[in-house]
Asks: 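Below you'll find the structure I mean.
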Amino acid sequence: MFDKWLIVGREFRSRLIVGTGKYESFEIMRQALEASGAEIVTVAVRRVNLTDKSKESLLDYIDQEKFTVLPNTAGCYTAKDAIRYARLGREAGLSDLVKLEVIGDKRTLFPDNEALLEATRVLVKEGFIVLPYTNDDSVVCKKLEDVGAAAVMPLGAPIGSGLGVQNPNNIRIILESVSIPVIVDAGVGTASDATIAMELGVDGVLMNTGIAGAKDPVSMAKAMKLAVESGRLAFLAGRMPKKLYATASSPLEGML
Amino acid sequence: MVDTHARREAREIEIIVNGKKTKIPTTWTIDNLIRDLELRRKQVAVEVNEQIISRERWSKQPLGSGDRIEIVHFVGGGKEDKCLING
């Protein structure tokens with residue numbers, strides 16, 4: 001029923017990519033990942049806690065036969081740090097995929113596009129499949145494509161804000177500007193936000209807080225799965241044109 | 001008379017593992033360190049002085065005094081977190 005999509009030749013059915021942060025427990029996360037139907041999950045790279053080794057390991061709760069693990073460079077503020085984290089992620093996960101984040105500002109968590117471009121350039125040369133988190137800016141997205149990004153991931157709204165897609169027209173322009181997959185990353189707060197993003201024609205949606213921050217993350221994960229599928233189907237179906245005035249659905253002929 | 005303490009000292013070096021000073025025998029490789037820490041080999045990545053050392057080189061890589069070792073793994077992420085490696 002659902003069309004497939006590709007990131008550098010890798011085929012995926014689910015268009016929902018989920019984060020693994022902020023869950024109350026690994027078990028709830030595991031159930032939410034399952035309910036979301038996602039095939040790609042993103043993870044952060046951090047120091048192993050050597051003083052408290054009793055802590056369970058995230059990877060024990062992610063079936064790598066089922067999920068593609070996408071290491072990210074979350075929390076990095078310079079190209080140098082992001083490149084370092086990407087390399088460590090590749091080593092830990094034995095995968096060339098990286099969700100590249102280079103943050104430029106603590107309060108908004110907006111990306112530093114200059115550093116992002118630089119890091120993308122370096123990592124592409126090292127053979128990485130780079131998926132950069134960026135602004136909803138078509139010029140930057142085009143530049144990222146030109147330096148070899150495998151997809152672009154414009155934000156819908158600030159990370160963790162749950163405000164939904166704030167500027168759908170910018171996302172539309174990005175879709176027309178690049179020929180690589182476009183994934184809305186960040187800002188999705190509830191199911192309708194995900195549907196709106198997908199109805200624009202993007203290839204996928206990435207979210208973390210939208211699911212993990214819900215009162216019932218497992219149910220919200222299921223809702224997001226349906227919302228993404230729904231939005232994709234509506235996009236493929238092609239919506240009716242918007243009109244200013246009413247058009248009657250019932251015939252006027254045969255009225256008494 | 002032999003000073004056993006001094007002798008022991010001579011057979012140990014101090015390295016920094018994830019920001020913490022640690023004493024290890026002079027003969028240790030990364031492999032020894034990972035085993036001693038009881039870490040799961042397939043789930044961690046290791047840097048020595050900001051150079052990644054791949055798993056197959058762990059048993060060949062000797063450690064020297066003052067080496068800065070970073071051992072990382074995947075955690076739930078998580079965009080708001082700080083870059084912990086750089087403190």
Side-chain angles (χ1 to χ4, degrees), chain A residues 19-26 29 33 41-51 53 55 57-62 64 69-78 80-82 84-85 87-94 99 101 103 106 109 111 133 155 158-160 185-186 206 208-209 212, chain B residues 12-25 28-61 63 67-87:
Chain A
T20 52
K22 299 190 199 168
Y23 284 95
E24 249 174 61
S25 68
F26 281 147
M29 180 204 75
L33 298 190
V41 296
T42 181
V43 300
V45 175
R46 292 293 180 269
R47 272 179 175 164
V48 173
N49 185 339
L50 298 173
T51 47
K53 278 181 279 182
K55 279 194 175 172
S57 165
L58 175 74
L59 284 187
D60 293 342
Y61 288 81
I62 298 173
Q64 288 187 75
V69 173
L70 171 61
N72 63 49
T73 62
C76 292
Y77 280 79
T78 62
K80 186 171 169 272
D81 278 350
R84 185 182 181 194
Y85 275 70
R87 288 171 180 158
L88 284 166
R90 169 154 76 176
E91 194 60 32
L94 300 173
K99 168 168 144 59
E101 290 181 30
I103 304 299
K106 279 191 166 63
L109 296 176
Y133 155 72
L155 53 81
I159 293 170
D185 177 7
L206 189 152
N208 186 355
T209 317
Chain B
E12 276 183 345
I13 51 167
E14 191 175 87
I15 58 172
I16 299 161
V17 183
N18 286 4
K20 200 177 159 223
K21 284 181 185 170
T22 311
K23 281 190 175 158
I24 59 159
W28 272 22
T29 61
I30 294 173
D31 206 58
N32 296 115
L33 183 67
I34 297 295
R35 276 172 207 277
D36 184 64
L37 292 169
E38 297 172 349
L39 298 175
R40 272 174 282 190
R41 304 171 62 85
K42 286 187 177 170
Q43 295 191 0
V44 300
V46 179
E47 255 187 5
V48 177
N49 303 326
E50 297 199 21
Q51 290 296 313
I52 290 177
I53 310 296
S54 58
R55 279 183 200 106
E56 52 273 26
R57 282 170 55 208
W58 285 358
S59 59
K60 293 164 201 142
Q61 179 85 15
L63 294 168
D67 276 351
R68 284 168 295 112
I69 323 293
E70 293 290 352
I71 307 170
V72 301
H73 65 160
F74 290 142
V75 301
K79 303 186 172 199
E80 286 86 332
D81 303 331
K82 284 180 191 158
C83 255
L84 289 186
I85 290 180
N86 301 321

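In the text below, chain A, chain B and the rest are named by the order of the sequence lines, each starting its count at 1. Note that the structure is a prediction, hence the values are computed from the model and not measured.
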Asks: Just so I understand: if I count every heavy-atom pair under 4.5 Å between each of B:Val46, B:Val44, B:Leu37 and chain A, which residue has the most?
Replies: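 Greatest number of close heavy-atom pairs with chain A: B:Leu37.
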Asks: At their closest point, which heavy atom of A:Ala44 faces which heavy atom of B:Gly76, and how far apart are they?
Replies: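 Answer, listing the atom of A:Ala44 first, then B:Gly76: CB-O, 4.3 Å.
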Asks: Using non-hydrogen atoms and a 4.5 Å limit, figure out which bit of A:Val41 sits close to chain B: side chain, backbone, both or neither.
Replies: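 No part of it gets close to chain B.
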Asks: Tell me, do B:Glu50 and A:Arg87 make a side-chain contact under 4.5 Å, heavy atoms counted?
Replies: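 Answer no - side chains too far apart.
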Asks: Measure the CZ-OG distance between B:Arg40 and A:Ser57 for me, rounded to the nearest 0.5 Å.
Replies: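 The OG atom of A:Ser57 is 4.5 Å from CZ of B:Arg40, to the nearest 0.5 Å.
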Asks: Checking heavy atoms, do the side chain of B:Leu39, its backbone, both or neither come under 4.5 Å from chain A?
Replies: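 Just its side chain gets close to chain A.
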Asks: Taking all atoms of both residues into account, what is the closest heavy-atom pair of B:Ser54 and A:Glu91, and its distance?
Replies: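 Smallest interatomic distance, heavy atoms only, reads CA-OE2, 3.1 Å.
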Asks: Exactly one of A:Leu58, A:Ile62, A:Thr42 should register a side chain to side chain contact (heavy atoms under 4.5 Å, CB included) with B:Phe74. Which one does?
Replies: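 Answer to the side chain to side chain contact (heavy atoms under 4.5 Å, CB included) test with B:Phe74 among A:Leu58, A:Ile62, A:Thr42: A:Leu58.
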Asks: Where does B:Ile52 contact chain A at under 4.5 Å (heavy atoms): side chain, backbone, both or neither?
Replies: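 When you check distances to chain A, only side chain atoms of B:Ile52 fall under 4.5 Å.
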Asks: Identify, with sequence neighbours excluded, every residue that meets side-chain hydrogen bond (donor to acceptor under 3.5 Å, both in side chains) alongside B:Arg57.
Replies: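 So B:Arg57 forms no side-chain hydrogen bond (donor to acceptor under 3.5 Å, both in side chains) with any residue.
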Asks: If we define contacts as heavy-atom pairs under 4.5 Å, which of A:Leu59, A:Leu94, A:Val48 has the most with chain B?
Replies: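 Heavy-atom pair counts peak at A:Val48.
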Asks: Among residues at least two apart in sequence or on other chains, which ones pass ring pair (Phe, Tyr, Trp, His ring centres under 6.0 Å) with A:Tyr61?
Replies: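 With neighbours one apart ignored, the set is A:Phe26.
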Asks: Specify the closest pair of heavy atoms between B:Ala45 and A:Ala92, including all atoms of both residues, with the distance to one decimal.
Replies: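 Between these two residues, the closest heavy atoms are CB-N, 3.8 Å.
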Asks: If every non-hydrogen atom of A:Thr20 is compared with every non-hydrogen atom of B:Val75, which pair is closest and at what distance?
Replies: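 Result for this residue pair: OG1-O, 4.0 Å.
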Asks: B:Gln43 vs A:Asp60, test: side-chain contact (heavy atoms from CB on, under 4.5 Å). Steps then yes/no.
Replies: CA-CA 10 Å; B:Gln43 295 191 0; A:Asp60 293 342; 3.5 Å; yes
Asks: Could you tell me whether the side chain of B:Asn18 and the main chain of A:Asn49 form a donor-acceptor pair under 3.5 Å?
Replies: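 No.
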Asks: Nearest 0.5 Å, what's the CD-NZ distance between A:Gln64 and B:Lys42?
Replies: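 It comes to 10.5 Å.
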